Amino acid sequence: MRLLVTGGCGFIGSNFIRHQLADYNDVSVVNLDLLTYAGNLENLADIKDDSRYEFRRGDICDRELVDEILSGGPFDAVVNFAAESHVDRSILDSGPFIQTNIVGTQVLLDAARGAKIGRFVQVSTDEVYGSLGETGLFTEETPLAPSSPYSASKTAADLLVRAYHHSFGFPAVTTRCSNNYGPYQFPEKLIPLFISNAAQDKALPVYGTGTNVRDWIHVDDHCRGIDAALRHGVDGEVYNFGGSNERTNLEITHAILKLLHKPESLIHYVTDRPGHDLRYAIDSSKAERELQWTPQVDFESGLKATVDWYQQHADWVAHIKSGEYQSYYEQQYGERLQ
Ligand code: NAD
Ligand code: DAU
């Protein structure tokens with residue numbers, strides 16, 4: 001199977017490519033990635049010389065480039081991870097989110113349709129469903145009600161995928177997953193930010209009261225789900241993936257401090273995220289039933305392994321935090337932490 005993977009130098013895409021090459025001898029991958037602030041060649045340094053792997057730097061919005069790559073196939077499938085992915089950045093500036101997440105998806109859909117690709121996987125998110133109250137779970141039938149510019153842009157992309165399937169019979173599936181954690185996650189997201197800050201005795205900025213709930217899933221389980229949707233999903237269908245593992249942000253914060261033997265005095269309550277979704281929780285029963293998928297990583301051991309990974313990869317973190325990251329951090333947290 002020959003795959004065009006977009007956004008493969010980011011967190012989930014890099015884990016996905018590594019798993020595909022390790023799990024299947026007959027898979028080859030072209031990875032198209034723009035190397036934005038979130039894209040990092042170091043994430044795939046261990047497989048860069050594998051003869052089944054090729055990296056192309058470029059923008060999914062560039063139709064000429066995408067056509068050129070697809071014409072060098074034939075490709076069996078396109079798996080679209082490329083996105084602006086951080087909610088807080090979308091609140092600071094939604095422009096890149098509209099461009100990459102919506103226009104980029106449209107360009108890929110048109111190019112893949114032109115190249116008669118047999119399977120397109122749109123990697124989406126549970127955030128398209130908006131926020132839950134204290135109870136209930138998101139199913140694939142839950143109405144789309146995005147809250148942030150990030151989730152609105154992902155929803156628009158999902159609707160384009162839906163429309164291409166409906167109008168043209170385009171062979172696409174959409175996956176919607178809850179919050180991932182694990183190795184190679186950019187330290188702007190809650191878990192790697194708090195691990196890396198706590199390791200250096202820096203403040204942990206908890207938004208609001210810290211009672212918001214997320215359903216955490218290890219990135220390996222998400223990658224297994226995308227693989228199942230790629231190989232066994234039905235055209236036009238949506239598949240939810242979640243960890244059935246709800247935690248408040250404060251519970252996550254306490255667990256990280258405990259694993260690192262750091263004091264609770266590092267916790268700083270800061271101004272809440274505007275429009276902050278209260279709770280996400282996923283009903284994955286369709287994926288369990290139709291794709292024979294179940295999450296396998298237990299959260300306590302997964303979090304401990306993740307904390308260990310970040311401690312063993314302090315150079316990886318330091319490299320990221322020495323660059324553009326500092327001006328982002330100042331803009332996002334400077335006043336909040338004063
Ligand atoms: P990430 O920010 O770590 O990586 C995104 C990657 O996309 C980077 O390598 C970046 O360089 C690349 N990219 C950005 N714009 C591009 C463009 N115009 N052209 C080509 N490449 C471009 O993101 P992630 O956390 O790995 O998320 C990957 C996908 O999974 C996203 O679509 C996201 O919406 C979705 N998702 C993420 C989570 C999560 O918890 N992180 C959960 C569910 C779904
Ligand atoms: O649910 C899937 C989504 O999960 C993905 O689509 C997104 O790409 C991914 O970024 C993630 O979105 P969240 O906004 O839920 O993740 P984040 O790690 O930014 O925040 C998790 C929770 O932690 C959220 O309630 C906000 C809170 N938080 C986050 C940061 C960065 C804090 O309290 N302080 C922080 O500094």
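Atoms within each ligand, like the ligands themselves, are counted from 1 in listed order. Heavy-atom basis, side chains included; hydrogens, waters and symmetry copies ignored. Count residues from 1 along the sequence. These figures come from a predicted structure and were not determined experimentally.
- On a distance-only criterion, Tyr280 and ligand 2 share no N/O pair closer than 3.5 Å.
- Nearest protein neighbour of atom 28 (C) of ligand 1, counting heavy atoms only, is Phe81 O, 3.5 Å.
- Residue contact annotation: Tyr181 has no non-hydrogen atom under 4.0 Å from ligand 1.
- Looking at Ser14, Gly13, Cys177, Gly7, it is Cys177 that brings a heavy atom closest to atom 43 (C) of ligand 1.
- The cationic atom of Arg231 (NZ for Lys, CZ for Arg) lies less than 6.0 Å from the six-membered ring centre of Tyr24 and within 45° of the ring axis.
- Not a single heavy atom of Phe186 sits under 4.0 Å from any atom of ligand 1.
- With a heavy-atom cut-off of 4.0 Å, Leu35 touches ligand 1 through its backbone alone.
- Contact annotation: Gln332 has no heavy atom less than 4.0 Å from any atom of ligand 2.
- At least one N or O atom of Ser85 sits closer than 3.5 Å to an N or O atom of ligand 2.
- Distances from ligand 2 to the non-hydrogen atoms of Cys177 include at least one value under 4.0 Å.
- Summarising the contacts of atom 15 (O) of ligand 2 with Gln185, Lys189, Arg214, the nearest heavy atom is found in Arg214.
- The aromatic rings of Tyr333 and Tyr207 sit parallel to each other, their planes meeting at less than 30°, with 60° as the upper class boundary.
- Taking a 4.0 Å cut-off on heavy atoms, Gly8 fails to register as neighbouring ligand 1.
- Residue Ser178 has no nitrogen or oxygen atom sitting less than 3.5 Å from a nitrogen or oxygen atom of ligand 2, judged on distance alone.
- Comparing heavy-atom distances from atom 13 (P) of ligand 2 across His222, Glu127, Arg336 singles out Glu127 as nearest.
- Between Phe97 and Tyr150, the ring planes lie perpendicular to each other; the angle is over 60°, past the 30° to 60° tilted range.
- Trp293 and Phe241 have perpendicular rings, their planes meeting at more than 60° on a 0 to 90° scale where under 30° would count as parallel.
- Of the protein's heavy atoms, Leu190 N, 2.8 Å lies nearest to atom 18 (O) of ligand 2.
- Residue contacts with ligand 2: Leu193 is placed with no nitrogen or oxygen under 3.5 Å of a nitrogen or oxygen of the ligand (distance criterion only).
- Ligand 2 has no nitrogen or oxygen under 3.5 angstrom from a nitrogen or oxygen of Glu188.
- If you look at Asn179 next to ligand 1, the close heavy atoms, those under 4.0 Å, all belong to the backbone.
- When heavy-atom distances to ligand 1 are checked against a 4.0 Å cut-off, Lys154 comes that close only through its side chain, counted from C-beta outward.
- Closest heavy-atom approach to atom 6 (O) of ligand 2 among the candidates Tyr150, Tyr129, Tyr329: Tyr150.
- Close approach of ligand 2 to Tyr333 is summarised as follows: ligand atoms under 4.0 Å from at least one heavy atom of the residue are 30 (C), 31 (C), 35 (C), 36 (O).
- Here the heavy atom of the protein found nearest to atom 25 (O) of ligand 2 is His276 NE2, 2.6 Å.
- In the candidate list Val87, Asn179, Val206, Asn179 is nearest to atom 11 (C) of ligand 2, counting heavy atoms.
- Of all protein heavy atoms, the one lying nearest to atom 1 (O) of ligand 2 is Asp126 OD1, 2.5 Å.
- Contacts of Pro96 with ligand 1, taken as heavy-atom pairs under 4.0 Å, are absent altogether.
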